[in-house]
K.L.:
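After the structure tokens below, expect a handful of questions from me.
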2 protein chains.
Amino acid sequence: MLAPAELTRVFRARGLKVTPQRQLLFTLLHDNETHPTVEALFATASKMMPGISLRTVYQTLNDLAAMGELQMVQSAGGSTRFDPNVTEHHHAQCDRCGELHDVYVDDLDRLRVRNLDGFQTERARIVFSGLCAACLSKTTRTQKQSNKRSITKPSSNKGANK
Amino acid sequence: MLAPAELTRVFRARGLKVTPQRQLLFTLLHDNETHPTVEALFATASKMMPGISLRTVYQTLNDLAAMGELQMVQSAGGSTRFDPNVTEHHHAQCDRCGELHDVYVDDLDRLRVRNLDGFQTERARIVFSGLCAACLSKTTRTQKQSNKRSITKPSSNKGANK
DNA sequence: GGCTAATTTGCAAGCGGTGCAGATTAGGTG
DNA sequence: CACCTAATCTGCACCGCTTGCAAATTAGCC
Ligand SMILES: [Mn+2]
Ligand SMILES: [Mn+2]
Ligand SMILES: [Zn+2]
Ligand SMILES: [Zn+2]
């Protein structure tokens, strides 16, 4: 997602108004890696701007998503999450705490996929699930670590974290 | 999912009753590759057993899912789909007609995943999206085929379809 | 055939999300 | 700066999917 100042420009250029509600959401979303739900954003926004409407949060997020500034992510069973990271990436979701973490896969096109006969693939989304580092350490602190094998071998990770 | 006769045995062994409603759903689900929604199953079931309750369909499907006989698949925006294929597989969803097709990936563990630091992956689910063969042919029949490249190269597919 | 716990059913209610219409306001105009 | 108007915000009703609940029914055991 673009920075608030740039979004402001883009909105005005399109004849869209830059309201205080929108400005607030721009800043709440910028560089936000928590994959927040509408409710989560509404809660935070309400503290800073009492009276803001839940409807407005829905509206603004949908608009941003339609503009390609946000990605919508449906995680099982819950409400839609919004992701200002619109670069190609995937997610790892913790079975215990439910948090989503960004992961990056470079060699997706090397996958051998069977049974795709005739299907023209445009995108692929991967969701890994398991236990996040935080929940894992809470578990192994008390109980002996079972030797489950990861189904993915992590790459060396050189320069992975910018 | 087990065959109806075997499910009957399993249910009785657990002290669960094998009602006509359950038996009907067992057969409707067996070898069903359509990834039906509750509504779809309810519609079909209603024709064969007028008066069956939507609530019962929900109940039974949830029970079967909890027993590991069905996989629940959430596809964006709609209702949950149920999948009697509980072998490890993935899905290709058509952007136009919404249908889900099973696909198989053998070399998932060869993926290089960055940023997984500490996450213990148990499962990975991939959803490919694009256009299915049927929708694609309807499109190319009228408009010149754009030379979009698939992001996955299909494997040779020898013996892929059992 | 009778008993009883499991199941089914119908309906109300919960939850996430959207349609709508009246009140409000950003931002352009003179 | 005051004014105008289209864009926006708000509150509320409502929708689609799913679950909770309790009364009525029934499978499976004796
Ligand atoms: Mn993300
Ligand atoms: Mn499937
Ligand atoms: Zn966690
Ligand atoms: Zn299609």
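Numbers restart at 1 for each chain; the letters A, B, ... are given by sequence-line order, proteins then strands. Basis for what follows: all heavy atoms, side chains included, without hydrogens, waters or symmetry-related copies.
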K.L.:
Counting the benzene-type ring for Trp, do B:His91 and B:His35 have ring centres under 6.0 Å apart?
P.N.:
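Yes, the ring of B:His91 comes within the 6.0 Å limit of the ring of B:His35, centre to centre.
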
K.L.:
Quick check for you: to the nearest 0.5 Å, what is the distance between A:Cys94 atom SG and B:Phe119 atom CZ?
P.N.:
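Interatomic distance, A:Cys94 SG to B:Phe119 CZ, rounded to 0.5 Å: 6.0 Å.
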
K.L.:
Taking only N and O in the side chain of A:Arg55, is any of them less than 4.0 Å away from OP1 or OP2 of D:dC12?
P.N.:
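No, A:Arg55 has no side-chain N/O under 4.0 Å of OP1/OP2 on D:dC12.
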
K.L.:
Could you tell me the separation between the CD atom of B:Gln23 and the P atom of C:dT8, rounded to a whole number of Å?
P.N.:
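Taking CD of B:Gln23 and P of C:dT8, I get 11 Å after rounding.
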
K.L.:
Starting from the C-alpha separation in whole Å, work towards a yes-or-no answer on salt bridge (charged side-chain N to carboxylate O under 4.0 Å, His left out) for B:Asp107 and A:Arg110.
P.N.:
CA-CA 9 Å; B:Asp107 51 356; A:Arg110 253 179 273 168; over 6 Å; no

K.L.:
Using atom CG of B:Leu61 as one end and atom P of D:dT19 as the other, report the distance to the nearest whole Å.
P.N.:
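Value for this atom pair: 10 Å.
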
K.L.:
How do A:Ser53 and B:Glu39 order along DNA chain D: which one's closest nucleotide is nearer the 5' end?
P.N.:
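Per heavy-atom nearest nucleotide, the more 5' residue is A:Ser53.
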
K.L.:
For A:Arg81 and C:dG16, give me the distance from atom CZ to atom P, rounded to whole Å.
P.N.:
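Spelled out: CZ on A:Arg81 to P on C:dG16 is 12 Å.
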
K.L.:
Take the protein atom CG of B:Leu54 and the nucleotide atom C1' of D:dT18, then report the distance between them rounded to whole Å.
P.N.:
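Rounding to the nearest Å, CG of B:Leu54 and C1' of D:dT18 are 9 Å apart.
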
K.L.:
Side chains of residues 11-22 of chain B: which donor-acceptor pairs under 3.5 Å do they make with residues two or more places apart or in other chains?
P.N.:
unit_1  : atom_1 : unit_2  : atom_2 : d
B:Thr19 : OG1    : B:Gln21 : OE1    : 3.4
B:Thr19 : OG1    : B:Arg22 : N      : 3.2
B:Arg22 : NH1    : B:Lys17 : O      : 2.8

K.L.:
Report the distance from atom CD of A:Gln59 to atom P of D:dG11, rounded to the nearest whole Å.
P.N.:
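Those two atoms, CD and P, are 14 Å apart.
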
K.L.:
Using only side-chain N and O atoms of B:Tyr58, determine if any of them is under 4.0 Å from OP1 or OP2 of D:dT19.
P.N.:
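Answer no for this pair, as no side-chain N or O of B:Tyr58 is under 4.0 Å from OP1 or OP2.
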
K.L.:
Provide, to the nearest angstrom, the distance between the CZ atom belonging to A:Phe11 and the C1' atom belonging to D:dA7.
P.N.:
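Whole-Å distance recorded here is 12 Å.
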
K.L.:
In whole angstrom, what separates A:Arg14's CZ from C:dG27's P?
P.N.:
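One finds 16 Å between P of C:dG27 and CZ of A:Arg14, rounded.
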
K.L.:
Output yes when a side-chain donor or acceptor of A:Gln120 lies under 3.5 Å from a complementary backbone atom of B:Leu136, and no otherwise.
P.N.:
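Such a contact is absent between A:Gln120 side chain and B:Leu136 backbone.
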
K.L.:
Considering all heavy atoms of both residues, which atom of A:Arg125 and which atom of A:Val73 are nearest to each other, and what is their separation?
P.N.:
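Heavy atoms of A:Arg125 and A:Val73 come nearest at NH1-CA, 4.5 Å.
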
K.L.:
Please state how far atom CG in A:Leu24 lies from atom C1' in D:dT10, giving the value in whole angstrom units.
P.N.:
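Distance, rounded to whole Å: 16 Å.
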
K.L.:
At under 4.0 Å, does any side-chain N or O of B:Asn62 touch on OP1 or OP2 of D:dT19?
P.N.:
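Yes, within the criterion.
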
K.L.:
Pick one: which of B:Asp83, B:Asn62, B:Leu61 meets side chain to side chain contact (heavy atoms under 4.5 Å, CB included) with B:Met72?
P.N.:
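So, applying the side chain to side chain contact (heavy atoms under 4.5 Å, CB included) to B:Met72 and each of B:Asp83, B:Asn62, B:Leu61, only B:Asn62 qualifies.
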
K.L.:
Look at all strands and tell whether B:Thr80 reaches a base, only sugar-phosphate, or nothing, counting heavy atoms closer than 4.0 Å.
P.N.:
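Here B:Thr80 touches the backbone only, sparing every base.
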
K.L.:
If I take atom NZ from residue B:Lys47 and atom CD1 from residue B:Ile52, how far apart are they, to the nearest 0.5 angstrom?
P.N.:
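Rounded to the nearest 0.5 Å, the NZ-CD1 separation comes to 13.5 Å.
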
K.L.:
Among residues 41-52 of chain A, which residues get a heavy atom nearer than 4.0 Å to DNA chain D?
P.N.:
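Going residue by residue through residues 41-52 of chain A, the ones with a heavy atom under 4.0 Å of DNA chain D turn out to be A:Gly51, A:Ile52.
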
K.L.:
Grab the N/O contacts between the protein and nucleotides 26-28 of chain D below 3.5 Å, and write none if there aren't any.
P.N.:
unit_1 : atom_1 : unit_2  : atom_2 : d
D:dT26 : O2     : B:Lys17 : NZ     : 3.4
D:dA27 : N3     : B:Lys17 : NZ     : 2.8
D:dG28 : OP1    : B:Arg12 : NE     : 2.7
D:dG28 : OP1    : B:Arg12 : NH2    : 3.4
D:dG28 : OP1    : B:Val18 : N      : 2.9
D:dG28 : OP2    : B:Arg12 : NH2    : 3.2

K.L.:
Under a plain distance cut-off of 3.5 Å, with no hydrogens placed, do B:Asn115 and A:Asp102 share a side-chain donor-acceptor pair?
P.N.:
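No, no side-chain donor-acceptor contact under 3.5 Å.
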
